[in-house]
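Remember, it's 1-based here, ligands and their atoms both numbered in the order they're listed. The chain is numbered in sequence order, starting from 1. Predicted model, so just to flag it, every value in this text is computed and none were measured.
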Amino acid sequence: MASVLTNEPSGSAYGRSRHTHDSEITEVGPGTPCGEFMRRYWHPIEIAERLGERPIEIRVLGEDLVLFRDRSGLPGLITPRCIHRGAPMAFAKVEERGIRCPYHGWLFDTEGRCLEQPCEVADKPAFRERCRQPWYPVLERYGLVFAYLGPLEKKPALPRWAPFENLCPNEKIVPDAASYSVGGDETEEIIPWNWLQDWENTMDPFHVVILHTAFSGPQFNPEMAVMPQVAWHDTKLGMQYTAHREFPDGRTMDRVTHVMFPSLRSVPNIQLSAGIAESMGWLVPIDDTHHRTFHITRMPLDFEGVPLVTAPILEKKWSDMTDEERWKMPGDWEIQKGQGPITLHSEERLGSSDTGVSMLRRKLRTQIQIVANGGDPVGVQLESDAPPMEIGAGNFY
Ligand code: FES
Ligand SMILES: [Fe+2]
């Protein structure tokens with residue numbers, strides 16, 4: 001959608017137009033173009049080890065669902081109202097073979113099949129088989145639970161990612177759902193704005209120089225103050241930028257950040273340590289105005305806690321900062337939240353430094369249209385034995 005400049009020549013704010021967001025590339029509910037595109041991929045929805053006795057209420061892509069693990073260890077994801085008479089499955093209890101509704105005790109397996117109806121006078125298999133609780137496929141990998149909310153006949157294999165296969169013997173993968181990568185921390189996992197604001201910020205290397213260094217003081221490495229020469233490239237899975245920096249002491253560095261469809265990213269270490277990125281992240285829309293981030297990070301075996309490779313270096317933890325401190329040192333959270341629940345695309349004036357943002361939106365629109373026209377979007381692999389996907393992000397000196 002083209003920007004429409006409606007200001008009077010004087011620039012007066014009086015009488016200005018109301019602006020709108022671009023719904024095609026931001027809204028993700030069932031039946032929306034972007035939502036249907038998103039539903040062709042697996043999305044992480046929870047940290048696997050959080051699944052215990054109690055079902056977890058999950059909102060993802062605008063759908064309310066209940067996630068559970070039965071006592072045999074199988075994860076399941078079902079709609080939140082019991083198909084019998086609407087009781088809340090968040091109050092259900094798990095058993096060896098599935099999850100039992102608290103109201104009349106119907107038992108469902110992880111694919112929604114009704115196995116028991118204890119109040120029915122006699123078991124009527126034909127009736128019972130018609131009582132299927134709507135469900136979605138779930139799989140676990142890298143310590144995360146992934147869900148697929150799309151058409152079953154199009155279900156792809158759950159991808160493997162090369163940097164997270166073949167770990168060294170002294171390494172492990174640490175999953176987390178903290179909001180460090182948007183300037184928050186582990187106290188807040190619900191990010192109250194549209195997912196695309198966050199994702200496209202990844203392709204904006206210039207805000208790192210200004211916001212994260214010159215304006216707020218160094219929140220990453222102070223050497224980020226060097227203005228980079230930036231090139232953006234298409235990749236097989238999405239796009240990446242290379243930010244080339246020449247430091248006063250003669251060192252040079254190419255910082256390569258990669259975003260992959262539908263909403264993944266791999267950002268190199270923000271302390272500028274050399275080598276391939278040790279983490280990757282998924283941005284998962286909760287609905288049109290909230291999202292979550294999940295990351296996996298390669299860490300030493302004895303590491304405990306949340307990896308800080310994406311955490312801004314602030315004097316205080318973000319959740320402990322006062323409003324005054326956030327005003328003095330705003331980070332991604334303050335900026336992206338301030339853009340609004342969904343930013344107003346029609347009022348933007350994109351310049352040459354926004355090339356990555358424009359490119360990403362254009363590529364996203366193309367993928368949305370491919371799905372709308374019945375095609376398969378980029379990066380979905382139907383073969384379960386497909387080789388792990390390469391990422392290529394890192395700080396290269
Ligand atoms: S409402 Fe769930 S068994 Fe009746
Ligand atoms: Fe940032």
Enumerate the atoms of ligand 1 whose separation from the nearest heavy atom of [X] is less than 4.0 angstrom.
X    : answer
W106 : 3 (S)
C101 : 1 (S), 2 (Fe), 3 (S)
Y103 : 1 (S), 4 (Fe)
C82  : 1 (S), 2 (Fe), 3 (S)
A87  : 1 (S)

(message) To 10 degrees, how wide is the angle OD2 (D332) to the Fe ion (ligand 2) to NE2 (H207)?
(response) 150°
Inspect the contact between [Y] and [X] and indicate whether a charged nitrogen and a carboxylate oxygen are less than 4.0 angstrom apart.
X    : Y    : value
D109 : R113 : yes
R160 : E165 : yes
R265 : E200 : no
E57  : R81  : no

(message) On the six-membered ring of W318, is R326 placed so that its NZ or CZ lies under 6.0 angstrom from the centre and within 45° of the ring axis?
(response) yes
(request) Answer yes or no for R130 and F127: cation-pi contact, defined as NZ/CZ to six-membered ring centre under 6.0 Å and angle to ring axis within 45°. (result) no
(message) Check the orientation of W195 and W199. Use parallel for under 30°, tilted for 30 to 60°, and perpendicular for over 60°.
(response)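 Plane angle between 30° and 60°, so tilted.
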(message) I'd like to know if the Fe ion (ligand 2) has an N/O/S atom from D204 within less than 2.8 Å of it, counting both backbone and side-chain atoms.
(response)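 D204 does not place any N, O or S atom closer than 2.8 Å to the Fe ion (ligand 2).
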(request) Starting from atom 1 (S) of ligand 1, find the nearest protein heavy-atom neighbour and note its residue, name and distance. (result)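 Nearest neighbour among protein heavy atoms for atom 1 (S) of ligand 1, to 0.1 Å: R85 N, 3.4 Å.
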(message) Just to confirm my numbers, could you give the angle made at atom 4 (Fe) of ligand 1 by ND1 of H84 and ND1 of H104, rounded to 10°?
(response)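 For ND1 of H84 and ND1 of H104, the angle centred on atom 4 (Fe) of ligand 1 reads 90°.
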